[in-house]
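A short worksheet on the structure shown next.
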Amino acid sequence: MSDPLHTLEDMDEYSGSMGSDADVAALVSIVGEVEGAAAVVRAGQVAEVRALAAAGQLAARQAAGSPAAVRAHDMALRSVAAELGGVLRVTDRTVQSRIDEARDLVEHYAATLVAWESGRITRGHVRVITDAGSVLVDASPERRAEFEAAAIARCERDTPNRVRSEVEILAERFAERSFTDRYRDAAAERRVRVVPGSAGMSDLIATLPTVIADGILDRLTQQAQTVIDSREPGDAASAFGARGAGDASGAGDSEPDRRRIDQVRADVFSDLLLAGAPALDPTAHGDGQGSLGAIRAQVQVIVPALTLLGVDDGPADLVGRSPIDAETARCLAGDTHSWARVLTDPVEGTVLAVDRYRTPWPQRRFLRARDQHCRFPGCRRAAIRCEIDHTIDAAKGGPTALWNLAHLCQRHHSMKQFTRWKVRQLPGGVLEWTSPTGRIYREDAPAPPVAFTPASISTTAVDEPPPF
């Protein structure tokens, strides 16, 4: 729960210092200029896509009727790409790839291109739709068009990072091959490799199932944050620095630990793999073990009831990341000590009620189910990694009630407190944000992307006890 870090007077003074009225007026002008420039860039990008698609179609016509059509088309495309590469000052291979992408967009996602051209969606949304639609290669034109229409409607309401997971799950519903089958094939390619870098550094890359990768990052982040939170003046230097310093001088000569969280994560990661435990645990006292090694990963997953019961193999949503396969979702649900049942509106998909086992915090469980992620426009940091904020500050008399609470990540929680951004909460968990320039951004409570609506109600099912 968020408690004020400063007195009310301090916060008001700090917020007021975030720009004078003249600064706000200047910002209004700058925002208008950026908006106009973005429109010009968008028009140019759409025109370029259409021109590149036309170049690809020209190459196809040049090769039509050739006895070696495949090779002739490739040669014609190479020639056209080389011509355009000279103008664009990029390689012909790069141009050829862009031509293929442009043709795919123009020929298979015409409605998406129109939505982008009219400013209803952005280039990032276009990439989300085309990437997700890649699983529909065997789908009929009618099913592709149905997916595209639904995807555009969703993209019009939110930012690309927010809609990616939902659009991917939407595409899976129209795909001929199940997500579970494709996940099994992809999981067979898991591996670890090292990419040599410069200045004595390298990248260690592991290709893993998403839920495992997300869990690894979560545990490293929790452990790194514990190390940082335990710092006191005069703490030892980093694990690597302390070892090096110990060889040359006494421990008393080491400098205070000023590692950033990324550096601490990397150091803990190395210790866990090489030694099985963090080399330096600031939570340990005397000869006893500290709490750092006991930290366990957390992931936030939304699973449809039918998938959980094994009725279908539809994908589940790993909040803040991407879809995961049904088998993994069921495995997580079976092993967890605590889970929530979320009742959603069959039409709107909004959360109506939540029940959960083994939790003393009914407000937290409801808010986590309702919000899913940080409620600042565009942010998708999962709710389990956010703070619960009082919309009306507690220091100003705001109550700890559901209608006055919402999840905000640390970045946007601080911005709400210390800048001219303002927010009010409307019925239904809707947040209305007002920027320093007076622009209003409506942030609706997200609907779970894996919600489902029953096609019919079976009288037999009504008589059976609930499976929960």
Side-chain angles (χ1 to χ4, degrees), residues 29-64 73-74 76-137 139-168 170-171 174 377-378 380 435 439 441-442:
S29 176
I30 292 171
V31 170
E33 291 178 11
V34 170
E35 189 174 33
V40 173
V41 170
R42 180 177 66 248
Q45 290 173 334
V46 172
E48 183 185 57
V49 165
R50 294 190 187 280
L52 290 173
Q57 292 164 348
L58 173 63
R61 288 196 300 271
Q62 289 176 349
H73 175 261
D74 186 54
L77 186 57
R78 288 187 192 183
S79 177
V80 170
E83 182 75 35
L84 292 175
V87 173
L88 298 175
R89 301 182 69 178
V90 295
T91 68
D92 59 300
R93 288 185 177 87
T94 298
V95 174
Q96 191 167 336
S97 175
R98 288 168 61 179
I99 286 175
D100 291 339
E101 293 174 355
R103 286 196 65 180
D104 183 50
L105 180 57
V106 169
E107 297 172 9
H108 299 129
Y109 298 95
T112 299
L113 186 60
V114 170
W116 178 23
E117 188 171 27
S118 64
R120 289 153 49 204
I121 63 176
T122 68
R123 187 170 194 167
H125 290 113
V126 173
R127 172 65 68 181
V128 167
I129 293 173
T130 55
D131 285 351
S134 63
V135 303
L136 304 178
V137 289
S140 65
E142 293 76 18
R143 289 180 67 82
R144 292 175 67 98
E146 189 177 353
F147 156 74
E148 185 181 17
I152 292 172
R154 183 64 188 91
C155 288
E156 288 175 339
R157 300 195 301 269
D158 225 326
T159 56
N161 65 317
R162 282 260 188 98
V163 301
R164 177 176 294 277
S165 179
E166 185 173 348
V167 172
E168 288 175 350
L170 179 66
F174 292 93
R380 197 165 183 261
S435 75
R439 293 177 179 242
Y441 301 91
R442 178 186 171 99

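What you see is a predicted model, and the numbers here were worked out from it, not measured in a lab.
- With rounding to the nearest 0.5 Å, the separation of CD in Glu146 from CG in Leu136 is 11.0 Å.
- Between the side chain of His125 and the backbone N or O of Thr122, at least one donor-acceptor pair lies under 3.5 Å.
- The OG1 atom of Thr112 sits 12.5 Å away from the CD atom of Glu117 when rounded to the nearest 0.5 Å.
- The minimum heavy-atom distance linking Arg78 with Gln96 is given by the pair CG-OE1, 3.8 Å.
- For the pairing with Glu166, the salt bridge (Lys or Arg N to Asp or Glu O under 4.0 Å) check across Arg380, Arg157, Arg154 returns one residue only, Arg154.
- For the pair Arg143 and Phe174, the tightest heavy-atom approach, listed with the atom from each and the gap, is NH2-CA, 3.0 Å.
- The shortest heavy-atom contact between Arg144 and Tyr109 is NH2-OH, 3.3 Å.
- Atom CG of Leu52 is separated from atom CG of Leu88 by 7.0 Å, given to the nearest 0.5 angstrom.
- At least one side-chain heavy atom of Arg50 sits under 4.5 Å from a side-chain heavy atom of Leu113.
- Using a distance-only test at 3.5 Å, with no hydrogens or angles considered, no donor-acceptor pair links the side chain of Asp158 to the main chain of Gly378.
- Heavy atoms from other residues, nucleotides or ligands lying under 6.0 Å from CD of Glu83 number 12 at most.
- Side-chain contact between Cys155 and Val167: present, with at least one pair of heavy atoms (C-beta onward) separated by less than 4.5 Å.
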Subject >> side chain to side chain contact (heavy atoms under 4.5 Å, CB included) assessment of Glu101 paired with Arg127 >> reply: CA-CA 10 Å; Glu101 293 174 355; Arg127 172 65 68 181; 3.7 Å; yes
**OP:** For the pair Arg439 and Val31, evaluate side chain to side chain contact (heavy atoms under 4.5 Å, CB included) and give the outcome as yes or no after the intermediate values.
**Re:** CA-CA 10 Å; Arg439 293 177 179 242; Val31 170; 3.4 Å; yes
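- Once rounded to the nearest 0.5 Å, the distance linking CG of Leu58 with OG of Ser79 reads 9.5 Å.
- Side-chain N/O atoms of Thr94 and Ser97 include no donor and acceptor closer than 3.5 Å.
- Minimum interatomic distance between Val49 and Ala102 (heavy atoms only, all atoms of both residues): O-CB, 3.4 Å.
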Subject >> Worked check of side chain to side chain contact (heavy atoms under 4.5 Å, CB included) between Val90 and Leu84 >> reply: CA-CA 9 Å; Val90 295; Leu84 292 175; over 6 Å; no
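- Judged by distance alone, with hydrogens and angles left aside, the side-chain atoms of Glu156 form no donor-acceptor pair with the main-chain N or O of Ile121 at under 3.5 Å.
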Subject >> Worked verdict on Arg123 versus Gln45 for side chain to side chain contact (heavy atoms under 4.5 Å, CB included) >> reply: CA-CA 9 Å; Arg123 187 170 194 167; Gln45 290 173 334; 3.0 Å; yes
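- For the atom pair Leu105 CG and Asp100 CG, the distance stands at 12.5 Å (nearest 0.5 Å).
- Minimum heavy-atom separation, Leu77 to Gly56: CD1-CA, 4.3 Å.
- When all heavy atoms of Ala151 and Leu170 are compared, the closest pair comes out as N-CD2, 3.6 Å.
- Between the side chain of Arg103 and the main chain of Ala53, no donor-acceptor pair closer than 3.5 Å is present.
- Interatomic distance, Ile152 CD1 to Phe147 CZ, rounded to the nearest 0.5 Å: 9.0 Å.
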